[in-house]
Each structure stands twice: as structure tokens, then as C-alpha cells.
Amino acid sequence: MKKVFISCIAIVCTVMGLQSQNVVWQPETIKALTSEWTGERTSDGRPKVSDELLERLKTLSMEEVWGNLKRNGYSNQFENFASTYENGWEILHPDQVMTGRVVTAQFMPFRKDFDTYIQKQAEKEGTKTPVTNYAPIIKLMDGDVYVADSYGKMIDGTLIGDNLGNAIYKAGKRGVIFNGSVRDVEGLSQIEGFNAWIRGSDPSAIKEMMIESVNGPIRIGRVTVLPGDVVLAKSTGVSFIPAHLVQQVVISGEYTALRDEFNRFCMSTNKYEYVNERFVVDDAVFEKDFKEWLNKYPNLPMPKKELDAFLKEREEKRSGN
């Protein structure tokens, strides 16, 4: 028992030691943090979910995403836009859906001695310029969304204006999600393709703030966000999906949407008798008719091969095999 206790202390100290040396979290640390992902990764170690899945994710409802995540044990991955803070949320273009791979940043109130430590650590990691609010932006790649926790600061808490907004869009082709504020909203709104989910805006410039880490875990509302998570941002809120669950979430959501569409088709055509909110039909007959309907469905949202594999796995689970 004593040896186990000593080993646990050694592991904790090792992890703390690794984290203390990462202003910008290093690839090996990010890989360990997101170890359940087995696919391709970006050069900085983050999971690289495919562009195809990012595009397909846009069509899913938040309820479909939330339900799948909850079934997999992830109950805290959605932040709604009710006013849980003093300022609630604002969206630059509410009619536009955004998906992407997450780059994270943690901001804190400026403290001189801590900032000195941060700058020295950054020098040790090879950073040639002081760590500022530009540090996360230079990490962005195509398909990335910049997500930052700046503790909801409004006045003197504006993380970007339209100049940095242009730089963000040029690098990631997406936008930002900030637990904090921005400035130059009119200029930001004119950047074609750029979108922002923010706590608010203010004309002041950023002041008395410091960046504590880039690509480490952060909190957005009631969600813990990891680098490489995939975000689905809509007018109702934002979901942060662990990378290793994205494919399952997407195919499951697409299947649910198809099944709902088939149900509506059956009701509109009176295919089966409908009593007490249920179709009066044998389950085997219903499933057979549904598969025939799927086989004739034009432009399935997923590759047919992927759908067949999903249906086979679903049937095996239902039969207990």
C-alpha cells in the first residue's frame, strides 16, 4: 500500500511538473490529454477530425448531439444562451451555424509576478516574442475555432478587434467563442464568413489581462473544453464534442433524423394505423419498410457503406450479440 501511495504522488508531481512548463501546451501533453482519439492529429498534437464530419455536423440538432453525448457519459458539454452570467451571450450572425476544431486559451487578471513567470516559461519553450493575446491566433489552422475564457470581462477585456478578427478568419476560416468581449463589432461583422459567440462588446482596448495558457483545458460556462474538441455553435447554444465521439455523434444524429422523417412520411401517407401516439404495426414489418425506404432515399447524408455498418452494429446491440 505504501508503494502504491508513493507511486501516486510521483505521478501527480510528474503531471504537475509537465503542466507548469507549458504556457503553450506541448504535443505530447495534448496527446496524453486526448488519448481516446486514435486518428490523425495536427502538428500541435490536437485531434484532427475530418472536414467532412465537420460539415455533416452542421445539419444536426442540439438535441440529437446532446442525447448522444449524455448516453456516452458526457453530460456537461452544452452551454445554452440563457443569461447565466450578468451579460448572457451575443452572436454576431445568429443565422449562421459554425463547426470546427478547437484551439483554447485561458486569460486571467494581470498579476506582475505571475506574468513574469509566464514570459520566462515561454522563452524556455522557444517563444521569441512576449506572450500576448496574439499567442493563440498564431496557432490557428484551417478549420479551427478560437475558444477563450477571459472570465466574462467586458470593459478593458476585449480580446480582439477587426484587425485580429481578419487574422483569425484568414488562418482558421471560422470564428471565435469567447467568455468575454470584443471591440470593433461593426468591422468584425463585415468579415465575410467570420462569426462570433461572445459575452458582449465594448469600445475599450484590452488592459490589465494576461494569458495563462494556450491549448490547455478551459471552462466555457458549464462546459470543460479540451484542445481538439469539435464545436457545434448555433443560435441556441454551443456543444463541445470530444473528438473520439464525433463520428458516432454525427452518424447517430443523421440516422435519428432519417428515422424521424420516415415516421412523418408514414403519418402523412397513412401507411399504418396510428393509435395513442404509436403505429399499429409489427416491429419487424416496420424495420423492413424503413430499410426499403432508406434504399430508395435520394442523397443520403452519410455514405451508404457507413450507414450499413451503423445499422449492422445497431442490430447486433439490440439482439445482444
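The structure presented is a predicted model; accordingly, all values stated were derived computationally and were not measured. Computation of the quantities below employed the complete heavy-atom set of this structure, encompassing side-chain atoms and omitting hydrogens, waters and symmetry-equivalent molecules.
- Salt bridge status for K291 with E315: present, with a side-chain N to carboxylate O gap under 4.0 Å.
- Ring planes of W293 and F262: tilted class, angle from 30 to 60°.
- Taking the ring centroids of W66 and F78, they lie at or beyond the 6.0 Å cut-off.
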Open item on the list: Could you go through N68 and Y74, starting from their C-alpha distance and side-chain angles, then the distance that decides it, and tell me whether this counts as side-chain hydrogen bond (donor to acceptor under 3.5 Å, both in side chains)?
Closed with: CA-CA 9 Å; N68 191 285; Y74 290 82; over 6 Å; no

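- Ion pairing of E79 with R199 is present here, as a side-chain N (NZ or NE/NH1/NH2) and a carboxylate O approach within less than 4.0 Å.
- A salt bridge between R56 and E254 is present, with a side-chain N of the basic residue lying under 4.0 Å from a carboxylate O of the acidic one.
- Ionic pairing of D144 and K139 is not present here: no N-O contact between side-chain nitrogen and carboxylate oxygen is shorter than 4.0 angstrom.
- Formation of a donor-acceptor pair under 3.5 Å by the Q77 side chain with backbone atoms of F240 is found in this model.
- Listed by chain and number, the residues in a ring pair (Phe, Tyr, Trp, His ring centres under 6.0 Å) with Y146 are F178 (sequence neighbours excluded).
- A pairwise comparison of heavy atoms in D202 and T158 identifies O-CG2, 3.4 Å as the closest pair.
- Y151 has its ring centre no less than 6.0 Å from the ring centre of F107.
- Classification of K296 and E292 as a salt-bridged pair fails, no side-chain N sitting under 4.0 Å from a carboxylate O.
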Taking only distance into account, with no hydrogens and no angle test, what donor-acceptor pairs under 3.5 Å do side-chain atoms of residues 185-193 form with protein atoms, sequence neighbours excluded?
unit_1 : atom_1 : unit_2 : atom_2 : d
S189   : OG     : V185   : O      : 3.3
S189   : OG     : E186   : O      : 2.7

TODO: Before giving the answer on side-chain contact (heavy atoms from CB on, under 4.5 Å), spell out for M98 and V145 the whole-Å C-alpha distance, their side-chain angles and the decisive distance to 0.1 Å.
DONE: CA-CA 9 Å; M98 183 171 70; V145 174; 3.8 Å; yes

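- A salt bridge is defined here as a Lys NZ or Arg NE, NH1 or NH2 lying under 4.0 Å from an Asp or Glu carboxylate O, and D51 with R101 meets this definition.
- No side-chain donor-acceptor contact under 3.5 Å links T99 to the backbone of V231.
- For K304 and D308, the salt-bridge test passes: some basic side-chain N is under 4.0 Å from an acidic carboxylate O.
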- [ ] Evaluate the side-chain hydrogen bond (donor to acceptor under 3.5 Å, both in side chains) criterion for residues Y255 and R259: first the C-alpha distance (whole Å), next the side-chain angles of each, then the deciding distance (0.1 Å), finally the verdict.
- [x] CA-CA 6 Å; Y255 171 78; R259 200 168 180 91; 2.7 Å; yes

Task: Derivation and outcome, side-chain contact (heavy atoms from CB on, under 4.5 Å), residues E306 and Q247 - done: CA-CA 10 Å; E306 188 178 342; Q247 184 169 20; 3.7 Å; yes

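- Under the 3.5 Å distance criterion, the side-chain polar atoms of S50 are matched with a main-chain donor or acceptor of L53.
- At a threshold of 4.0 Å, the pair K120-E123 does not count as salt-bridged, since none of the basic side-chain nitrogens sits closer than that to a carboxylate oxygen.
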